[in-house]
Amino acid sequence: MDELKHLNKYFLKYKWHLLFGILFVSINNIAGVYPPRIIRHAFNLVSENITYYQMFDGFELQKDFYNLFSYGLIVFAVVVLFLALVKGLFMFLMRQTIIVMSRLIEYDLKNEIYGKYQLLSTSFYKRNQTGDLMSRVTEDVSHVRMYAGPAIMYTINLSILCTMLIIAMLSVSVKLTLLVLIPLPILSISIYYINSIINKKSQEIQAQLSEITSVAQETYAGIRVVKSYVQEENINNHFDYESELYKNKCLSLARVQAMFHPFMIALIGLSTIITIFYGGIEVINGKISAGNIAEFVIYVNMLTWPVTSIGWVATIIQRAAASQKRINAFLNEKVEIINGSIENVDLKGNIKFENVEFTYKDTGINAVNNVSFNINSGEKIAIVGHTGCGKTTIADLLLRMYDVSGGAILLDGINIEKYNLVKLREQIAYVPQDVFMFSDSVSNNIAFGKNNASEEEIIQATKYADVYKDVQNLPEKFDTILGERGVNLSGGQKQRLSMARALIKDSSILILDDCLSAVDAETEKNILYSLRKYMSEKTAVIITHRISSLIDFDKILVFEDGKIIEQGTHKILMEKEGVYYDLYTKQEVEEKKMMS
Ligand SMILES: Nc1ncnc2c1ncn2[C@@H]1O[C@H](COP(=O)(O)OP(=O)(O)O)[C@@H](O)[C@H]1O
Ligand SMILES: [Mg+2]
């Protein structure tokens, strides 16, 4: 229950919805409790006057008496009808306030969670499954909404209705009331017991649903691998197995729930029998009227709904608490990357690594080990080395996807942790190693790099990345939809579009992470040629496994196991005849082989 306190701020925000809701619920209940009393009077009127009516048998007066008597009944009927209308109106208003409030809270909560997702670092996303992230925003929020709306509405409704009913019953007969209420504590205790079973089972169902979502999501994302390895059947079986577990859990819950209702109805029926039996004795003894029995039977039936729904409301609240606990776990997740305060960023492009250390927390892999280097504004440097030597990690650190574990990274002489994150990342154009295309048009995918990019800028960016001709050949050119359910491009085309997206930013720092691995040597030459002009004024860090002679690098950093083992210009490193020399000569041999 403690977990649900998180919602209090929203209840405060929508206090008027809530307060008016409570008011409407109260009026709705008052209108509901009066009709049984009127029915009692009507009942008594009939039972008392019927004898008089028979006494006037054969007299002229009988007709007048009948008119008077039926007129009285009509008045009662009109009052009951009127109260029903009032009740209906206020039931409408009560839903309009409280249920509307729950929808508003649902909207706010979804946005809060989504906003938090945007703040969390990449390491958070490595730790958590996509299906799980999604079910927090969908399933869990909808459970919480059931608490913020229906559960609250019914709780208020029930407590007011029960109080009023019991007061009304006590005013008729204390003894009868106590007798009729005897089955209720048994009911409450059993509800509590059955509910804890229901709650446990629902939690299991919830977890299983998350599992299914994750399995499905992963399969869709990796559908090409699944198909090419002909694993459809295995994947199907796996999904089948998870679904089977889900089904069994649901059925087991349904069994418990199925027992729940007949049990309630039986207990309520018992109350009705007590009313009629014991009430009948009281009428014979002359303590209460026959109308009182009719009134009481209605009260007991009116209690049916509150008593039954206590169980239902309790389930909703428990389920909501479980969901909110899961939501809170994410909302309370510490934002690892703390935003800096320097907003006025206009980077010149001076990059300095000072004894930088970095260890991935979840794996304990020491990916960057005491790395120091200096890049002056406008310089072009290359980072080379075998897979897994820490090149991508260096790029991630520069963009502050992670914070360093030791040492410092300075941009224009200031520690990058002091910069506002948004401003910092805005000023660095980064082409990641893994290409990602949104299910959107080519032009929007490129314009993702720059808000309000003009058509010319988009075209220019594709020209720099040497992908303009490819786009022209697409069915709808720049309006062609890519990504999910869009046109599938080749790996090389996607890499170049991804580059265009970065180049359009026109930032002073450009980082390319092995982004030409899927293009052929000819295309690479073209790109590097146009890049030379584009980069002339910029600082560029080019991570690559193929060293190109087209760019005259000011410095080449050779990495191994997270350390810089050699650095210098191409000329110096070749003369040294070390690791770089080996890499370069091997590459030349391979290229010659390819040519012949
Ligand atoms: N998100 C991550 N979590 C844990 N370890 C990682 C992560 N990313 C990379 N690593 C590890 O860090 C080392 C350096 O990786 P990376 O920087 O990607 O190398 P490169 O880009 O040179 O291939 C590798 O041993 C890799 O397994
Ligand atoms: Mg890499």
Side-chain angles (χ1 to χ4, degrees), residues 117-130 132-133 218 221-222 333-337 351 353 355-373 375 381-407 409 416 421 425 428-436 491-492 494-496 498-499 501-502 509-519 524 527 540-548 553 555-567 573 578-580 582-584 586-587:
Y117 281 176
Q118 305 294 320
L119 290 180
L120 290 168
S121 65
T122 33
S123 61
F124 169 82
Y125 287 95
K126 292 248 158 72
R127 277 199 307 275
N128 292 286
Q129 291 182 311
T130 314
D132 223 25
L133 299 178
E218 207 170 276
E333 183 89 24
K334 235 179 53 218
V335 177
E336 286 158 72
I337 310 289
I351 303 171
F353 272 55
N355 307 98
V356 171
E357 286 282 339
F358 182 73
T359 306
Y360 283 103
K361 278 197 200 101
D362 20 331
T363 53
I365 292 176
N366 182 222
V368 174
N369 193 343
N370 197 18
V371 166
S372 303
F373 60 86
I375 308 170
I381 68 147
I383 298 182
V384 296
H386 297 292
T387 311
C389 69
K391 305 182 297 287
T392 298
T393 310
I394 293 283
D396 281 342
L397 289 176
L398 251 175
L399 282 149
R400 251 195 112 196
M401 292 298 173
Y402 304 98
D403 275 336
V404 295
S405 331
I409 301 173
I416 58 166
L421 267 179
R425 290 180 186 157
I428 301 177
Y430 170 56
V431 187
Q433 193 167 10
D434 316 309
V435 176
F436 183 80
K494 278 195 231 168
Q495 278 191 335
R496 280 173 285 147
S498 167
M499 256 181 87
R501 180 192 289 159
I509 298 177
L510 176 69
I511 304 173
L512 305 182
D513 189 356
D514 219 353
C515 59
L516 296 176
S517 58
V519 301
E524 183 179 359
I527 295 173
V541 178
I542 297 175
I543 297 171
T544 175
H545 64 286
R546 199 159 47 189
I547 301 130
S548 166
F553 289 110
K555 202 185 286 172
I556 293 163
L557 309 177
V558 186
F559 271 72
E560 203 171 279
D561 287 337
K563 284 192 283 278
I564 297 181
I565 48 165
E566 282 176 12
Q567 63 174 309
L573 291 178
V579 178
Y580 180 79
D582 288 343
L583 274 171
Y584 192 79
K586 217 189 274 167
Q587 180 190 318

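As the structure is a prediction and not an experimental result, all values here were calculated from the model. Counting starts at 1 for both ligands and their atoms, following the listed order.
Of all the atoms in ligand 1, the ones that sit under 4.0 Å from a non-hydrogen atom of T387 are 23 (O). Of all atoms in ligand 1, listed by their number and element, those nearer than 4.0 Å to a heavy atom of K126 are 1 (N).
The environment of CD in E357 is crowded: more than 12 heavy-atom neighbours from other residues, nucleotides or ligands sit within 6.0 Å. Around CG of D403, the count of heavy atoms belonging to other residues, nucleotides or ligands within 6.0 Å exceeds 12.
Using modelled atom types, no side-chain atom of Q433 and backbone atom of T392 make a donor-acceptor pair closer than 3.5 Å. Side chain of S405 to backbone of T359: a donor-acceptor contact under 3.5 angstrom is found. Between the side chain of K563 and the backbone N or O of C389 there is no donor-acceptor pair closer than 3.5 Å.
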>> side-chain contact (heavy atoms from CB on, under 4.5 Å) for I409 and V404? Distances and angles first, verdict last.
In response: CA-CA 8 Å; I409 301 173; V404 295; 3.7 Å; yes
>> side-chain contact (heavy atoms from CB on, under 4.5 Å) for V431 and Q495? Distances and angles first, verdict last.
In response: CA-CA 9 Å; V431 187; Q495 278 191 335; over 6 Å; no
> Checking side-chain contact (heavy atoms from CB on, under 4.5 Å) for the pair L398/Y430: CA distance, chi angles, key distance, verdict?
Replying inline: CA-CA 10 Å; L398 251 175; Y430 170 56; over 6 Å; no
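The closest protein non-hydrogen atom to atom 22 (O) of ligand 1 is K391 N, 2.9 Å. The protein non-hydrogen atom at the shortest distance from atom 20 (P) of ligand 1 is G388 N, 3.5 Å. What sits closest to atom 10 (N) of ligand 1 on the protein, heavy atoms only, is Y360 CE1, 3.3 Å. Protein heavy atom closest to atom 19 (O) of ligand 1, with residue, atom name and distance, is G390 N, 3.2 Å.
Here the shortest heavy-atom distance to atom 21 (O) of ligand 1, taken over D561, T392, L397, V368, belongs to T392. Compare T393, V384, T363, D362 by their heavy atoms: the one nearest to atom 16 (P) of ligand 1 is in T393.
Here Y402 has side-chain heavy atoms under 4.0 Å from ligand 1, and that is the only part of it that gets that close.
Considering backbone and side-chain N/O of Q433, none are found under 3.5 Å from N/O of ligand 1. Considering both main-chain and side-chain atoms, A367 never comes within under 3.5 Å of ligand 1 through any nitrogen or oxygen pair. Any N or O atom pair closer than 3.5 Å counts here, and I365 shares no such pair with ligand 1.
Rounded to 10°, the angle formed at the Mg ion (ligand 2) by T392 OG1 and Q433 OE1 is 80°.
Between the side chains of Y360 and T393, at least one donor-acceptor pair of N or O atoms lies under 3.5 Å.
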